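A short write-up of the structure that comes next.
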Amino acid sequence: MSDTTAQSGKPKERAWYEPDAKLSRRHAADRRLRIYGIAAIVFALSMLATLVGTIAITAAPAVTQTMVTLEVEVPEGAVDPSDPRGGSYQKILNESVARIFPEVDTPRELRELRQIFSNGGQYALRDKVVADPSLIGRTFEITFPLSDIGDQLHKGEIDRNLPPDYRRVSDQQIGWYDRLVAQDRISAPFNWGLIFNADSRFPELAGLWGALVGSFYALLICFLVSFPVGISAAVYLEEFAPKNRLTDLIEVNINNLAAVPSIVFGLLGLAVFLNFFGMPRSAPIVGGLVLSLMTLPTIIIATRAALKAVPPSIREAAIGVGASKMQTVGHHVLPLAMPGILTGTIIGLAQALGETAPLLLIGMNAFITAAPDSMFNPSTALPTQIYIWADSPERGFTSRTSAAIIVLLGFLVCMNAIAIYMRKRFERRW
Amino acid sequence: MTTLDTTEASGMIMTKTAEDTGTLAKTATAARAGEHETKISASAVSVFYGEKQALFDVTIDIPARQVMAFIGPSGCGKSTFLRCINRMNDTIDICSVKGKIEIDGANIYDPKIDPVLLRARVGMVFQKPNPFPKSIYDNIAYGPRIHGVAKAGSAMDEIVETSLQRAGLWNEVKDRLHEPGTGLSGGQQQRLCIARAIAVNPDVILMDEPCSALDPIATAKVEELIDELRTRYTIVIVTHSMQQAARVSQKAAFFHLGNLIEVDETDRMFTNPTDQRTQDYITGRFG
Amino acid sequence: MSVSLLFAIVLVLALVGYFLGRANASGLKASGKNLHSIPPYHGYYIALWCGLPAFVLVLVWQAAQGSIIDQILIAGLPSHLTEGTSAARVSLILGEIKNVAAGRVFGTPEPAVIEAAEHYKSLQSTASLALVACTLAVAVGGIAFARARLSPDFRARNRVDGILRGLLIICSVLAILTTLGIILSLLIESFAFFSRVPVLSFLFGMEWSPQMAIRSDQVAAEGAFGAVPVFWGTIFISAIAMFVALPVGLFSAIYLVEYADKRVRSFVKPLLEILAGIPTIVYGFFAVLTVAPFIREFGMSLGLDVASNSALAAGGVMGIMIIPFISSFSDDAISAVPQSMRDGAYALGATKAETIRQVLLPAALPGIVGGVLLAVSRAIGETMIVVMAAGLTATLTANPLEGVTTVTVQIVTLLIGDTEFDSPKTLAAFGLGLVLFISTLVLNIVALQVVKRYRERYE
């Protein structure tokens with residue numbers, strides 16, 4: 001059909017619908033833009049994949065912890081049953097190691113031998129004896145971690161084929177380790193210590209418990225302060241505030257506060273809470289207060305959006321039956337807006353959980369080997385613990401840092417999943 | 001030619017697709033014949049939005065250099081059909097078009113046809129004036145520039161001037177060509193959009209309720225303009241106003257619930273409609 | 001008695017007050033009186049009068065107690081310990097007294113200190129006793145006061161509404177107080193800093209080596225606190241970040257809004273937003289663990305000399321973090337351009353690319369610019385990525401393969417560990433913080449204005 005038209009028209013002249021070089025150039029430009037777009041998205045997503053992937057791979061070795069099982073004999077005289085904490089457990093352990101490796105006797109060799117075992121063995125033994133003093137005078141089995149290098153040897157992270165000068169363990173240490181394996185003394189159970197131990201200088205003993213408790217306290221404070229205050233501020237601004245200069249000032253303020261760098265909040269915490277009010281350094285209470293100031297704008301903005309979404313007809317209906325403005329808001333508007341408010345709050349808390357810089361400034365990066373008893377005790381938090389570990393030179397900390405990041409990301413995923421679920425479940429279209 | 005005459009004479013509902021296909025070869029010849037040749041010929045056009053069918057087997061011939069008005073109650077499919085003529089429906093993901101529309105004998109839904117070239121030939125003016133947030137000059141120059149008709153300079157100045165003159169806007173804006181087009185009044189904006197469409201040198205101009213957002217004085221000006229443009233362009237206008245259709249169009253097509261009910265000379269349709277539904281609509285019983 | 005226990009007691013008293021008020025009002029009602037407000041409001045009224053003053057009292061007391069006791073202690077110290085010594089010395093003595101009081105005795109303290117420690121202990125126990133007594137008195141007094149006002153025509157509901165409204169106002173003013181707190185603390189500490197180091201030599205000095213300024217006579221030495229190299233490093237790394245984030249964010253937004261079909265969009269958009277939800281410490285570790293070694297190896301293979309903490313690694317990773325910012329702002333801005341603009345361009349026969357480049361982007365430009373400004377402000381305030389991946393030494397270089405330092409890195413390094421508030425090192429951090437705060441504030445205000453004006457244009 002179109003051919004006939006073309007032929008029956010002036011043969012030299014191009015029909016209007018026939019593309020020319022100009023047109024194909026224009027379409028090429030169009031395809032290029034599309035390709036740039038796809039390339040940009042592929043780049044961004046592949047970076048996301050690389051980030052998550054490399055961290056997951058690095059974290060993998062920390063999933064298990066290599067343990068060794070020894071028979072120990074706690075002689076009657078070595079530990080005082082009335083004060084079992086005071087015993088010299090390291091000596092007891094050394095003796096039981098010596099029973100397995102009787103030929104090792106020079107001090108240098110002994111030191112090398114002990115390097116395979118974790119320094120935490122004595123504490124594991126002590127805790128066991130303290131829990132059950134009847135073990136004194138008996139021989140029993142105890143399982144405790146291998147040291148960093150023992151752990152890496154077990155996980156194949158040390159290349160045995162390298163010449164001894166190039167690796168961190170000597171041939172002798174490898175031989176001892178192999179003997180322990182041959183005697184079936186080595187096991188690699190799930191690394192519960194990573195979660196339930198407090199921090200330690202030794203990677204094989206270091207865990208996140210202190211940081212988890214610290215983060216929990218800080219988030220608790222953050223929630224207790226920012227949730228009621230944020231809702232109140234939003235309710236006032238949205239429902240009660242007259243349109244005047246003060247209200248405008250508060251609005252501009254909140255929007256700007258939301259974009260102030262987090263480290264500035266750290267400076268505020270340092271100058272006001274620590275220096276001016278003399279609150280305890282490194283304590284979760286201060287961290288929580290700083291985080292709550294940061295979370296406040298997020299909650300206010302989310303709450304105002306949720307309040308705006310409640311149609312005015314609801315307010316009119318309540319006022320119409322004689323409710324006061326306060327009752328209208330308290331009985332009708334707030335409950336209807338609550339899912340949106342909670343969603344915003346959870347997202348705000350998730351941000352607060354990952355926040356590091358302000359906590360560094362108020363000293364929550366201290367080295368603390370016990371979980372805090374209260375929110376006034378020095379403590380770390382999950383992100384600052386990651387920072388401490390990332391800065392530690394021991395190789396074992398690399399995988400633990402990654403594992404800690406996975407734990408942090410796990411919490412964030414859960415919190416966001418709850419927020420998304422709530423939004424989906426309770427979302428109401430008016 | 002003959003077929004056209006009979007359809008006009010009888011004012012019949014054009015659903016006999018078999019006969020239409022037979023006439024296509026003739027319309028191609030008719031394209032060169034003069035006054036009232038068929039410019040656009042649609043046969044059995046159906047439009048679907050996802051599952052929902054919005055237009056049912058529309059078959060119609062639109063004559064060259066006349067104003068054809070599509071009338072009907074809102075939601076009747078007249079705008080949908082209008083947007084088929086320059087394939088604007090392509091930009092809506094879920095929309096699909098069946099059937100055939102030919103312009104000068106070439107099927108515009110042929111995969112070989114590039115909508116970019118089609119739209120250069122079939123201009124469109126929208127319900128609400130939509131000048132780009134650029135200067136008046138750049139609004140007009142945009143089309144010629146992208147199609148490579150003219151580069152910047154005197155050639156472009158000429159196109160801008162001619163287009164604005166044809167749209168009857170030149171005298172009002174010639175001193176402020178470089179001010180933003182969005183600063184004009186509503187009626188001026190709409191005439192700017194018409195000038196913008198003219199600048200690409202189309203054959204056909206589609207107008208989708210072009211006066212619905214304008215006040216009566218601006219409407220009168222645009223209607224006057226449409227009447228002048230008829231000498232050069234084939235114009236299809238969708239309107240919800242009977243009076244407007246009567247004032248500007250030579251032929252009218254009545255749509256109802258996605259069906260084309262009746263096509264006729266405007267005068268005849270308004271005085272003596274064949275279909276009961278057309279009569280009801282014109283006399284104001286629904287719509 | 002611990003503070004939380006005290007709070008619990010106040011809460012219980014408030015509850016008692018509530019039931020008291022309610023029962024009282026119900027009694028009045030039962031006796032045939034016409035109440036203005038329903039009984040629970042009388043209860044709320046009493047509860048608020050009981051709880052609020054007591055709560056505020058405890059908070060203020062807690063904040064003030066420490067410094068008041070310190071003043072009393074200092075006043076009570078023998079003159080040879082306090083007279084003619086610096087404030088730092090006095091605070092050291094105070095610290096020693098508190099340590100001794102807590103049983104942490106190092107060496108042999110002076111008898112005066114031991115005496116003061118005893119004094120301190122007794123002061124503390126007196127103070128907490130007084131606190132408990134005052135709080136209880138205020139709480140019970142509040143109940144009594146409020147209860148005396150109850151009567152059938154008492155407008156309890158209006159009063160309660162009024163009190164609540166006052167509380168709401170206080171909460172919203174807290175946002176202003178926070179800003180005020182930030183500004184004041186930055187200004188005060190910065191003034192202390194600028195009294196030692198001249199403002200101009202801080203702002204325009206070319207040499208930054210605060211760790212060298214240990215001795216007091218070195219402090220004022222020109223050059224130790226010249227922040228230009230630090231500012232430069234911040235700008236440089238932010239520029240690298242924007243260089244990565246701007247094209248990637250903009251192009252992906254264009255693709256998602258104009259090209260991608262709904263399914264792809266609903267799948268890719270949340271994935272991109274994940275990038276914004278990852279804590280910056282994770283990016284920092286990623287930079288150190290993966291990106292920096294990669295860039296280093298890659299550069300070495302080309303025969304280039306790459307620092308392990310190169311600006312490229314830090315800036316590049318920061319760019320990845322910022323991608324979702326740019327893309328979501330651009331996405332919003334492009335989506336907000338009315339459909340009629342697209343229709344107008346398509347109807348003229350423009351291709352998608354032509355429509356985007358010549359119509360949509362110019363129209364969306366203010367929104368995009370606003371987003372970019374916010375992203376820049378985010379980049380210069382970003383801390384953890386640069387703390388972990390950027391350098392510590394301030395170098396004036398335009399070579400992205402060398403290490404540079406940033407304002408935030410310096411703040412963290414200067415303040416980590418012990419912070420003596422009168423050392424110029426510490427104060428320098430606040431000076432940097434002030435500069436950081438002002439520059440991000442200006443960027444934010446401009447950005448929010450641009451975005452707001454843009455929104456108005458299409459509404």
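Quick note on labels: first sequence line is chain A, next is B, and so on, each numbered from 1. Scope of the values below: all heavy atoms of this structure, side chains included, with no hydrogens, waters or symmetry mates. Note that the structure is a prediction, hence the values are computed from the model and not measured.
- In terms of heavy-atom pairs under 4.5 angstrom with chain A, the leader among C:L289, C:I169, C:T290, C:V268 is C:I169.
- Between chain C and the options A:Q351, A:Q327, A:M47, A:R31, heavy-atom pairs under 4.5 Å are most frequent for A:Q327.
- Within the 4.5 angstrom heavy-atom criterion, no atom of A:T247 approaches chain C.
- Most heavy-atom pairs under 4.5 Å with chain A, from the set C:I188, C:L174, C:I254, C:I411: that is C:I411.
- Between C:L187 and C:F430 the shortest side-chain heavy-atom distance does not fall below 4.5 Å.
- Neither the backbone nor the side chain of A:I362 comes within contact range of chain C; no heavy atom of the residue lies under 4.5 Å from a heavy atom of that chain.
- Residue A:V252 is tested with A:N255, A:L249, A:N256 for a side-chain contact (heavy atoms from CB on, under 4.5 Å); the sole match is A:N256.
- By number of non-hydrogen pairs under 4.5 angstrom with chain C, the leading residue of A:L237, A:I38, A:L23 is A:I38.
- For A:F43, the part sitting under 4.5 Å from any heavy atom of chain C is the side chain, from C-beta outward, and nothing else.
- For the residue pair A:N365/A:T384, the side-chain donor-acceptor check at 3.5 Å is not satisfied.
- In summary, C:E354 and A:R26 engage in a salt bridge, as defined by a charged side-chain N under 4.0 Å from a carboxylate O.
- Only the side chain of A:L409 comes within less than 4.5 Å of a heavy atom of chain C; its backbone N, CA, C and O stay farther away.
- In terms of heavy-atom pairs under 4.5 Å with chain C, the best-connected choice from A:I254, A:I300, A:V272, A:V260 is A:V260.
- Among the candidates A:S402, A:G363, A:A258, the residue making the largest number of heavy-atom pairs closer than 4.5 Å to chain C is A:S402.
- At a threshold of 4.0 Å, the pair C:R165-A:E239 does not count as salt-bridged, since none of the basic side-chain nitrogens sits closer than that to a carboxylate oxygen.
- Neither the backbone nor the side chain of C:L250 has a heavy atom closer than 4.5 Å to any heavy atom of chain A.
- Heavy-atom distances place the side chain of C:Y41, and not its backbone, under 4.5 Å from chain A.
- For the pair A:T303 and A:L307, the minimum side-chain heavy-atom distance is below 4.5 Å.
- Most heavy-atom pairs under 4.5 Å with chain A: of the set C:T408, C:L271, C:I176, C:T383, this distinction falls to C:I176.
- Chain A forms more heavy-atom pairs under 4.5 Å with one residue of C:G381, C:S252, C:A350 than with any other, namely C:S252.
- Put simply, the side chain of A:Y236 does not reach to within 4.5 Å of the side chain of A:I231, judged on heavy atoms.
- Residue C:L164 touches chain A through both its backbone and its side chain, counting heavy-atom pairs closer than 4.5 Å.
- Interface remark: of the candidates C:L436, C:I182, C:T440, C:I182 forms the most heavy-atom pairs closer than 4.5 Å to chain A.
- Heavy atoms of C:V387 lying under 4.5 Å from chain A belong exclusively to its side chain.
- Residues meeting the side-chain contact (heavy atoms from CB on, under 4.5 Å) test with C:A287, sequence neighbours left out: C:V317, C:A389.
- Annotation for A:F397: atom CZ counts as buried by contact number, over 12 foreign heavy atoms lying within 6.0 Å.
- Here OG of A:S324 is found 3.5 Å from CG of C:D161. Values are rounded to the nearest 0.5 Å.
- The local environment of CZ in A:F240 is crowded, with over 12 non-hydrogen atoms from other residues, nucleotides or ligands closer than 6.0 Å.
- Contacts of C:L443 with chain A are absent, with no heavy-atom separation under 4.5 Å from either backbone or side chain.
- A:T50 places none of its side-chain heavy atoms less than 4.5 Å from the side chain of C:F294.
- In terms of heavy-atom pairs under 4.5 angstrom with chain A, the leader among C:V244, C:V173, C:I320, C:V160 is C:I320.
- Using a 4.5 Å cut-off between heavy atoms, A:L296 contacts chain C through its side chain alone, with no backbone atom that close.
- Interface remark: of the candidates A:L293, A:L246, A:L267, A:I347, A:L267 forms the most heavy-atom pairs closer than 4.5 Å to chain C.
- Neither the backbone nor the side chain of A:F276 has a heavy atom closer than 4.5 Å to any heavy atom of chain C.
- In the model, C:Y259 has a side-chain atom that pairs as donor or acceptor with a side-chain atom of A:D30 under 3.5 Å.
- In this structure, chain C has a heavy atom under 4.5 Å from the side chain of A:L257, while its backbone stays farther away.
- For the options A:I263, A:N416, A:I405, heavy-atom pairs under 4.5 Å to chain C are most numerous at A:I263.
- Using a 4.0 Å cut-off between charged side-chain N and carboxylate O, C:D331 and C:R265 make a salt bridge.
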